[in-house]
Structure formats: C-alpha cells, structure tokens
Amino acid sequence: MDDIKTQAAALIAQAPVADGVKQGLLQKLQQDGVTDDLMVEIKVAVGEAQAKLNRDNKPVVDKLNDLNRQEQAEQAKAYADFETEMNELEADADNLVKAVTTAQNEQETEEQRKKLAAS
Amino acid sequence: MFRKNREVPAEAGMEETHSDTGSRRERPDFGALAQQRVEAVKSKTESRWSLIKKGFATARDFVLTLDARTAYRAGQAKDAGVAGAEAVGRTAVAGAEATAAGAKYAGGKAVEAGQAVGRGARATAEFGAGAAVAGAEAVAEGGKYVYAKGQQGAEMAMEGISRGVEAAKNKYTEIRTGITERYSKAKELALSTVEGIQFAAEQKKFNEYKAQEAIFAARAALSQDRMAEIQRRATERLGASGISPEESQSADIAA
C-alpha cells in the first residue's frame, strides 16, 4: 500500500500542473491515501491545465484539429472506396462460381442427353 | 520535432484515451480493417474455387460466360505489371481481343482511371476502336459474354480475381500511406512555428503524464470501470467550471 502511495506521489510530481496545485494534491494523498476522490482531483487539475494550454495556443490547436478531421475524412473515403472494390471482387467471385457451375451442369446434362439418345 | 514526439509512448495511447475528460476519440484502424477484409475475401474465394474445382473431374470443356465486369477483372490480371493509364488502355485492348465484354467494361475503367491520373486522353484513344467493336460483338451475344472455354478459362478468371484482391489491397495501402504522410507533413509544418514548437513541448509533458497515469492505474489495480467513473466525475467537475470536453482534449500531434 505504501508502495502505491509512493507511486501516486511520483505521479502527482509529474503532473503538468502548477506547483501550488501539486502541493494540494500531495497533501490530500498524505491525509487520505489513494482514493477515488484524489484521482478525480488529479484528473480535474490536469484537465484544467490542458484546457489552459489549448486556449493559450488556440490557432495551433485549431489547425491541428482541422488537419486531423480532414485526414480522418480522407482515410474514411479511401477505405470506403476499397470496400466497394472488395465488394465488387466478391461479387465477381460469386458470378464466376455461378457461371462455372451452370456451364458444368449444362455440359453434364447435354452429355447425359447424348448418352440416352445413343442407347 | 514532430517525428520525435511521435516516438513518445504516451502518444500511442493518446489515440485511444484522448482527453483529460475521458471523452474518447477513437480512430478506426483502417489498416487492420482492410487486412481483415482481404483475408475474408481470400478465404471465401479459395473455398468457392475448391468447390468448383470438383466439377472439373466430370466437365472440363464447357463454355464459360461471364458478365462484363467479371470478364474485365480477369483480363486486367494479364497486364497487372504495366503501370498507369497506358496500362488501362492496353488492358482494354487486350480485353477486346480476348473478350468483348472485358473490353467493354475496361473502356469505362480506362476513362475513369485516365481522368483520375490526368492521362485520360491517351488511354481513351487507345481503347476507343476496341470498344466499338467489342460493344457490337457483345450485343450479338445477347447480353451474355463469352470469356473463355473450359477449365483453363475458369482458372484464369479466378486467378484474375485473386490478383484483383491483392492489387486492391496494395492500392489501398499506398493511398492510406500517402494520406498519412501528407498530413504528417502538414502537422509538422503547423508545429514548426515558434508557437507550434512551444506548444508541442508542453503537450509532450501532458502525453507523458497520461502514459504514467495509465501505468499507475494498472499497478494500483484501479479497474476500468472504476477509472471510467473517476473520469466521469472529473468531466462533470470540469464542465461545472465551464470547461467543455473538447477544450480539455489534447490535440493530436501525431499522425
């Protein structure tokens, strides 16, 4: 348990939040140990810091998000085209099987007919 | 700068659990999906082929008729090694010689591919004459198109389809890689400004922290359900402070 507490302290030390916030989190850890409430506090602190970073760098973040959205849309379109091609190939294989089966059956029927006619 | 960041382990995880608020922004793994799709089609094709192969024992010299597209696919395999719009044109001509239907379908494909790569004129011109003849012959067949005779024809057609699956997979992989590389460069460019470099350095700390958090959760035996509940509560708290899930999400700096 102490080991987990030590690891939690190391995690808090690494959290990209202000020193004052870290101190508050470490104090809570010493008082209550590793609780769900503490984990919520850590997540809220990191979430606030991330939101601040994003706000401070809005043009860069917007640009990256736009690029990600565009990339995902292009990837989805490329995959959809690939899917269509694979569906066509599957249908081709179906058609081929049907064609071969039909042709084979017709030939067999014809040969049977010829045999019957000859007998 | 950007490529360096991609090596940070936390960023791989970032693609799955993507924010401090726990809202997940999962990216479909198109590569894995494509591989699964290819395997499924291959396996289906192989089992179909083994079924019809049995029939060759009793009927080998049959007349095989195929629809235009299937005939084209099989014809396409002949020129698989030749690249570009010219290849499509040549496939069309080859198809016209081998099968009216193949050529007819290839005509459309030649134009389509030619337009796509900007070399349509040549491909269409090369194909033109064959298409006209092929079209007439196809009509004479009453909508049914003779592709090949007997077992050999069937084998060729199936081989063409199998190669088509491989070609489709390779083409898609190339396109997918191209998109990834193009956007990777664009993101690299976006992060090459002074602001971008500073932002990436800061974001890297968040990503590294998130990786450590995941490791800690595992060591502390915090179950997924428990972490999800913790995340939900954190999201609620952030929301109450006027921070939306989007605002507290880390931007993807990895391609």
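Everything quoted here is computed from the prediction, not taken from an experiment. Just so we're on the same page: letters track the sequence lines, and every chain starts at 1.
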In plain terms, say whether [X] and [Y] are close enough for a salt bridge, that is, a side-chain N and a carboxylate O under 4.0 Å apart.
| X | Y | value |
| --- | --- | --- |
| B/K187 | A/E71 | yes |
| A/D94 | B/K44 | no |
| B/R37 | A/E90 | yes |

For [X] and [Y], which heavy atoms make the closest approach, and how far apart are they?
| X | Y | value |
| --- | --- | --- |
| B/Y209 | A/A15 | CD1-CA, 3.5 Å |
| B/S248 | A/G47 | CB-O, 3.6 Å |
| A/R55 | B/G242 | NH2-O, 3.7 Å |
| B/L191 | A/L64 | CD2-CD1, 3.9 Å |
| A/V44 | B/L238 | O-CD2, 3.6 Å |
| B/A190 | A/L67 | CB-CD1, 4.4 Å |

Please say whether more than 12 non-hydrogen atoms of neighbouring residues, nucleotides or ligands are located less than 6.0 Å from [atom1] in [X].
| X | atom1 | value |
| --- | --- | --- |
| A/K28 | NZ | yes |
| A/Q31 | CD | yes |
| A/Q70 | CD | yes |
| B/R219 | CZ | no |

Give, for atom [atom1] of [X] and atom [atom2] of [Y], the distance between the pair rounded to the nearest 0.5 Å.
| X | Y | atom1 | atom2 | answer |
| --- | --- | --- | --- | --- |
| B/K169 | A/M86 | NZ | CE | 9.0 Å |
| B/I230 | A/E41 | CD1 | CD | 11.5 Å |
| A/E74 | B/R182 | CD | CZ | 4.0 Å |
| A/L53 | B/K205 | CG | NZ | 9.5 Å |
| B/Q212 | A/I12 | CD | CD1 | 13.5 Å |

>> Can you tell me which of B/E202, B/R176, B/E195 forms the most heavy-atom pairs within a distance under 4.5 Å of chain A?
In response: B/R176
>> Quick check on the interface: out of B/A168, B/A186, B/A221, who has the most heavy-atom pairs with chain A under 4.5 Å?
In response: B/A168
Taking side chain as everything from C-beta outward and backbone as N, CA, C, O, which of these in [X] sits under 4.5 Å from a heavy atom of chain B? Side chain, backbone, both or neither.
| X | result |
| --- | --- |
| A/D81 | neither |
| A/A10 | neither |
| A/E110 | neither |
| A/D36 | both |

> Which one, A/T102, A/D56, A/D37, A/V17, leads in non-hydrogen pairs under 4.5 Å with chain B?
Replying inline: A/D37
Within a strict 4.5 Å, meaning less than it, do heavy atoms of the [X] and [Y] side chains meet?
| X | Y | value |
| --- | --- | --- |
| A/N54 | B/F199 | yes |
| B/R233 | A/K43 | no |
| B/S241 | A/E48 | yes |
| A/Q72 | B/Y183 | no |
| B/F216 | A/I42 | no |
| A/Q50 | B/E247 | no |
| B/V165 | A/E85 | no |

>> Between B/L222 and chain A, with a heavy-atom cut-off of 4.5 Å, which part of the residue counts as in contact: side chain, backbone, both or neither?
In response: side chain
>> Within the 3.5 Å criterion, strictly below it, is a donor on B/E213 or A/Q14 matched to an acceptor on the partner's side chain?
In response: no
> Taking it one step at a time, do A/F82 and B/V38 satisfy side chain to side chain contact (heavy atoms under 4.5 Å, CB included)?
Replying inline: CA-CA 10 Å; A/F82 165 78; B/V38 166; 3.7 Å; yes
>> Using the rule given for side chain to side chain contact (heavy atoms under 4.5 Å, CB included), can you reason through A/V40 versus B/R232, listing the C-alpha separation, both sets of side-chain angles and the distance that settles it, and then say yes or no?
In response: CA-CA 9 Å; A/V40 170; B/R232 190 197 62 73; over 6 Å; no
>> Assess the residue pair A/Y79 and B/I175 against the criterion (side chain to side chain contact (heavy atoms under 4.5 Å, CB included)); give the C-alpha distance rounded to whole Å, side-chain angles, the decisive distance to 0.1 Å, and a yes or no.
In response: CA-CA 9 Å; A/Y79 186 77; B/I175 291 170; over 6 Å; no
> Stepwise, does the side chain to side chain contact (heavy atoms under 4.5 Å, CB included) test hold for A/Q75 with B/T180?
Replying inline: CA-CA 8 Å; A/Q75 292 286 12; B/T180 302; 3.1 Å; yes
